[in-house]
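Remember, predicted model here, so these are calculated numbers, not experimental data.
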Amino acid sequence: MNGTDWRFKIAHREALIGVGLALFNFVWWFGFAYGMGSAPVEEYTYVFGLPAWFFYSCVVGFLVIAVLVIVIVKFFFVEVPFDEEEEEKR
C-alpha cells in the first residue's frame, strides 16, 4: 500500500457534504425560529394555523432538507465497495 486508500478520499468528501447539510439545516432553523419568533406573540402571523416562524423553520425546513439530502445522495454520493481488492489479498 503506497498511499491512502482511494475510498477514504470519497468518505471524507461525503462527510464534509453531510456536515455542510447539517450546518445549513441549523442556520435555516435558527434564522427562521429566532428571526421571526422574537417578535411579541400578538404580532405573529400564522400559516395553516401554525406561527409563521415555526412553519418556516420546522415544516418547510424539514421539506427543504429532505429534498436536499435526496438530491445530494442521488447525484453526488458514490457507491464504494467495502471488500478488499484482489490485488491487496495477494
Side-chain angles (χ1 to χ4, degrees):
M1 297 198 3
N2 56 356
T4 305
D5 192 351
W6 60 273
R7 294 175 286 193
F8 285 112
K9 288 179 76 172
I10 293 172
H12 286 139
R13 181 180 64 91
E14 292 178 357
L16 288 175
I17 291 172
V19 169
L21 283 171
L23 288 174
F24 176 77
N25 186 28
F26 178 75
V27 169
W28 177 285
W29 176 84
F30 191 86
F32 279 107
Y34 286 99
M36 295 176 76
S38 60
V41 176
E42 295 81 22
E43 296 177 11
Y44 282 177
T45 57
Y46 294 88
V47 178
F48 296 119
L50 299 169
W53 66 266
F54 181 84
F55 180 78
Y56 292 118
S57 67
C58 295
V59 177
V60 174
F62 169 75
L63 295 174
V64 167
I65 291 300
V67 168
L68 276 176
V69 168
I70 290 169
V71 168
I72 294 291
V73 168
K74 186 165 183 79
F75 295 110
F76 293 101
F77 282 19
V78 295
E79 189 170 343
V80 177
F82 291 123
D83 55 343
E84 302 253 345
E85 294 180 18
E86 290 297 323
E87 297 172 2
E88 294 177 2
K89 289 183 180 179
R90 294 180 188 176

Under 4.5 Å between side-chain heavy atoms, counting indirect links through other Ile/Leu/Val/Met/Phe/Trp/Tyr residues: same cluster for [X] and [Y] or not?
X	Y	result
Met36	Phe62	no
Phe26	Leu21	no
Tyr56	Leu63	no
Val27	Ile17	no
Phe32	Leu68	yes

Test item: Glu14 side-chain N/O and Val73 main-chain N/O as donor-acceptor pair under 3.5 Å
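Here the side-chain-to-backbone pair does not exist.
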
Check: Ala52 main-chain N/O paired with Tyr44 side-chain donor or acceptor under 3.5 Å:
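No; judged by distance alone, with no hydrogens or angles, the pair does not exist.
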
Arg7 versus Asp83, closest heavy-atom pair with distance:
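Where Arg7 meets Asp83 most closely, the heavy atoms are NH1-O, 3.2 Å.
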
Which pair of heavy atoms, one from Ser57 and one from Ala33, lies closest together, and at what distance?
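Answer, listing the atom of Ser57 first, then Ala33: CB-N, 3.8 Å.
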
Would a 4.5 Å heavy-atom cut-off, applied to side chains only, mark Val19 and Leu23 as touching?
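The answer is yes, as the side chains (C-beta and beyond) meet within the 4.5 Å cut-off.
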
Any side-chain heavy atom of Trp53 within less than 4.5 Å of one from Tyr34?
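No, side chains not in contact.
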
Looking at Ile65, Ile72, Val71, which one forms a side-chain contact (heavy atoms from CB on, under 4.5 Å) with Val69?
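When Ile65, Ile72, Val71 are each tested with Val69, the side-chain contact (heavy atoms from CB on, under 4.5 Å) holds only for Ile65.
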
Return yes when atom OH of Tyr46 has more than 12 non-hydrogen atoms of other residues, nucleotides or ligands closer than 6.0 Å, and no otherwise.
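Yes, OH of Tyr46 has more than 12 neighbouring heavy atoms, counting only those of other groups under 6.0 Å.
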
Are there over 12 heavy-atom neighbours, none belonging to Phe8, within less than 6.0 Å of that residue's CZ?
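Result for CZ/Phe8: open.
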
